[in-house]
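Here the structure is a predicted model, which means the values were calculated and not measured. Note on naming: letters A, B, ... go to the chains in the order of the sequence lines (proteins, then strands), and numbering restarts at 1 for each one.
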Amino acid sequence: MRTAFINQLIEEASSNNNIFLLVGDLGFSVVEPFAEKFPDRFLNVGIAEQNMAGIAAGLAMEGYCVYIYSIGNFPTLRCMEQIRYDICYHNLNVKIVAVGGGYAYGALGPSHHATEELGMLRTIPNLVVCAPADPYEAKAITTFTACYNGPCYIRLGKAGEPEVHKHTSDESKQIVKGTILSIAETGNTTAVFSTGSMLKYVVDFIERNNIASSVYSFPFIKPIDNTMLLNLFIKYKSIITIEEHQASGGFGSAILELLYEFANQGLLAQNQFPKMRRIAINDQFYSVAGSQEYLRSVAGLELKMEYFD
Amino acid sequence: MVNHSIEFARQIRALTLKLVYNAKASHIGGALSMADILAVLYDGILNVDPGAPDYVERDRFLLSKGHACSSLYATLGLKGFFDLNELDGYATNGSLFLSHTSHKIPGIEVSAGSLGHALPIACGIALAAKRKKEQWKTFCLVSDGELNEGSNWESILLAPQLKLDNLILIIDYNKIQSFGFVKDIVDLEPLRAKFEACRWNCFEIDGHNHSELHDTFVKCKESADSAPKAIIAHTTKGKGISFMEDSLLWHYKSPSEEQYHMALQELNQYK
């Protein structure tokens with residue numbers, strides 16, 4: 001995903017002279033092509049994320065569309081107040097990019113487990129929160145953010161993830177703000193809502209077990225297209241949300257909030273209320289080494305056949 | 001020139017006093033300590049236009065110690081950035097004039113309230129000017145206490161690396177922070193040596209002496225040196241109102257009616 005991101009950013013920067021990339025001394029062997037092509041619009045600020053976020057705000061005030069890039073919690077939690085106050089309160093054109101969402105850097109331990117930031121970030125006004133699922137979505141989200149004039153967060157996976165989207169030229173999959181992408185519509189009873197790089201696991205599970213379930217990918221956690229979401233609530237009797245994030249405040253939380261909001265607004269009748277199951281991290285840190293898949297499994301981020309009964 | 005800015009500083013202090021008194025607000029001590037700095041900056045140093053506060057070639061001034069905004073609002077109001085009557089609601093229900101700087105107010109570049117934020121932003125603005133080959137300068141005014149914040153030191157380390165010679169940092173060194181004297185809480189000394197060790201071009205001046213302020217600002221603006229500039233302005237908290245000077249109490253307290261009139265009388269005698 002990070003390669004898809006940087007390649008697309010280079011493409012965007014070729015036609016948009018305002019795109020500026022700041023890195024926090026991370027991105028070795030990833031960002032160099034950008035730095036070589038656009039030396040006047042690249043800067044490594046060193047290991048100093050608060051400063052990076054502030055500098056991004058200053059550059060954006062002067063007309064730049066600024067991407068700040070680092071890994072895990074560093075460009076988010078470490079400088080959360082700069083994101084809230086300097087970038088989002090001033091509603092500036094800054095894009096915060098974190099590589100290694102969830103347990104992508106599993107073996108490096110909880111310092112590198114980015115498993116709380118979605119909940120923190122989605123409470124901040126003006127901020128668009130994105131979590132692409134695969135290289136296709138990463139590319140599309142990069143284009144979306146480059147064209148969008150305002151603050152965005154992009155949670156990327158790591159490197160080498162396979163494409164999950166099969167028909168990348170399909171116009172129906174053009175990404176607009178808040179969109180929900182249909183991956184498979186093979187069942188009318190149950191749907192899995194996935195965000196970020198859990199999608200590959202979900203699709204593999206459904207296909208491997210030959211389950212009649214629909215799958216939707218949510219590249220946006222905030223905002224989420226309300227009309228599309230309401231139609232999915234009405235269509236399915238059972239919905240499973242899955243994310244590589246703490247249950248508290250994350251993607252599933254956002255879906256549940258909207259479900260009750262729609263009900264309160266009278267948009268959803270009592271008999272249309274789907275059964276909800278939320279798969280997320282259960283309020284714990286995991287101090288155990290392992291691959292991303294291993295940590296997902298330890299944290300219980302798994303589908304089970306009985307969920308589809 | 002100097003006499004003009006001295007009278008301007010007196011007017012800033014009188015209006016600041018009125019704003020804080022009417023709103024029963026805090027932080028008058030730190031607002032008064034920087035009044036002379038503001039008076040000199042806005043009396044011919046900063047290239048700004050009250051009629052066009054956002055024009056591109058202006059110098060940028062960022063107040064980081066946003067809690068002391070009453071004297072900046074007073075300065076901008078007196079310069080005509082907005083109607084002075086608008087200030088009447090300062091820090092009261094419904095007013096856009098918050099008791100921390102607000103970028104919604106003409107002439108205010110950034111909102112500031114949480115300390116240690118404006119200097120990194122100023123670095124970004126100065127960097128933008130360098131990359132775009134713009135001639136305008138970026139000024140940032142910080143308090144002494146807020147130099148406790150690590151974010152400032154991230155910028156202090158990086159600015160010389162980027163050769164941000166167009167960045168002018170002013171430290172309002174009034175020696176008092178929230179809980180007492182700076183030297184007793186997190187002693188900044190030797191402050192000049194710290195800046196110089198970080199490769200800043202550093203000046204140390206009396207922050208109430210208008211000639212020194214003026215000459216130092218001019219020197220910084222005209223310097224061909226590639227280093228960023230730091231001006232350590234030695235000031236007195238509560239400066240200009242004798243019973244408020246050098247007193248921690250006036251970091252918090254709002255003047256009573258009697259104190260307000262006493263203070264006003266004292267300021268008026270220098271008219």
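Put simply, CZ on A:Phe20 and CZ on B:Arg131 are 4.0 Å apart, with the number rounded to the nearest 0.5 Å.
Contacts of B:Lys104 with chain A are made by side-chain atoms alone, with heavy-atom separations under 4.5 Å and no backbone atom involved. For a residue to count as touching a neighbouring chain, one of its non-hydrogen atoms must lie under 4.5 Å from one of that chain's; by this rule B:Leu162 touches chain A with the side chain only. For chain A, the nearby part of B:His103 is the side chain; its heavy atoms alone come within less than 4.5 Å.
Contacts with chain A were tallied for B:Glu109, B:Arg60, B:Gln161; B:Arg60 has the most, counting heavy-atom pairs under 4.5 Å. Ranked by heavy-atom pairs under 4.5 Å with chain B, the first of A:Val66, A:Leu43, A:Ile47 is A:Leu43.
Looking at every heavy atom in both residues, A:Tyr89 comes nearest to B:Leu98 through OH-CD1, 4.4 Å. Nearest heavy atoms, B:Glu154 versus A:Asn51: OE1-N, 2.8 Å. When every heavy atom of A:Val45 is checked against every heavy atom of B:Leu158, the shortest pair comes out as O-CD1, 3.8 Å. In terms of heavy-atom proximity, A:Tyr64 sits nearest to B:Ala128 at CE1-CB, 3.8 Å.
Judged by distance alone, with hydrogens and angles left aside, the side-chain atoms of A:His90 form a donor-acceptor pair with the main-chain N or O of B:Ser111 at under 3.5 Å.
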Practice task
Decide side-chain contact (heavy atoms from CB on, under 4.5 Å) for A:Met61 and B:Val110; before the verdict, give the C-alpha distance in whole Å, the side-chain angles of both, and the deciding distance to 0.1 Å.
Solution key: CA-CA 9 Å; A:Met61 284 174 184; B:Val110 293; 3.2 Å; yes

